[in-house]
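One structure is given here, and the rest of the page talks about it.
The structure displayed is predicted, hence computed values, not measured ones.
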Amino acid sequence: MSKLMKASQWGRREFEPGSEPDNRTIKRWIENGLLQGRIVDGAVWVCSSEKWGVNSVVSQAVTRLINEA
């Protein structure tokens, strides 16, 4: 697993200004397996390697290949 980042920071990185999902939505995506991350003491954290619209398995495989190079 890659490093974790705050859900709000991830949302700002992946979405256009004004279109960012709120933390409740990101939390639901993590709980439903659409996004890799963790919920720790109610705080929502997303794996920094996650890219919206790219399957988590693909994203993890690409990160692994990059790290092996």
Worksheet, complete the sentence: Separation between CE (M5) and OG (S49), nearest 0.5 Å, reads 10.5 Å
Worksheet entry | N/O donor-acceptor pair under 3.5 Å between E50 side chain and L35 backbone | no
Worksheet item: Is there side-chain contact between C47 and L4, with at least one heavy-atom pair below 4.5 Å?
Response: yes
Discussion item. What's the separation between atom OG1 in T25 and atom CD in E20, rounded to the nearest 0.5 Å?
Written reply: 12.0 Å
Response to the item:
Shortest non-hydrogen pair, K27 vs V44, comes out as CB-CG2, 3.7 Å
Discussion item. Under 4.5 Å between side-chain heavy atoms, counting indirect links through other Ile/Leu/Val/Met/Phe/Trp/Tyr residues: same cluster for W45 and L34 or not?
Written reply: no
Discussion item. Is the ring pair W29/W52 parallel, tilted or perpendicular, if the boundaries are 30 and 60 degrees?
Written reply: parallel
Fill in: Nearest non-hydrogen partners of N23 and A7, listed with the distance
OD1-CB, 3.6 Å
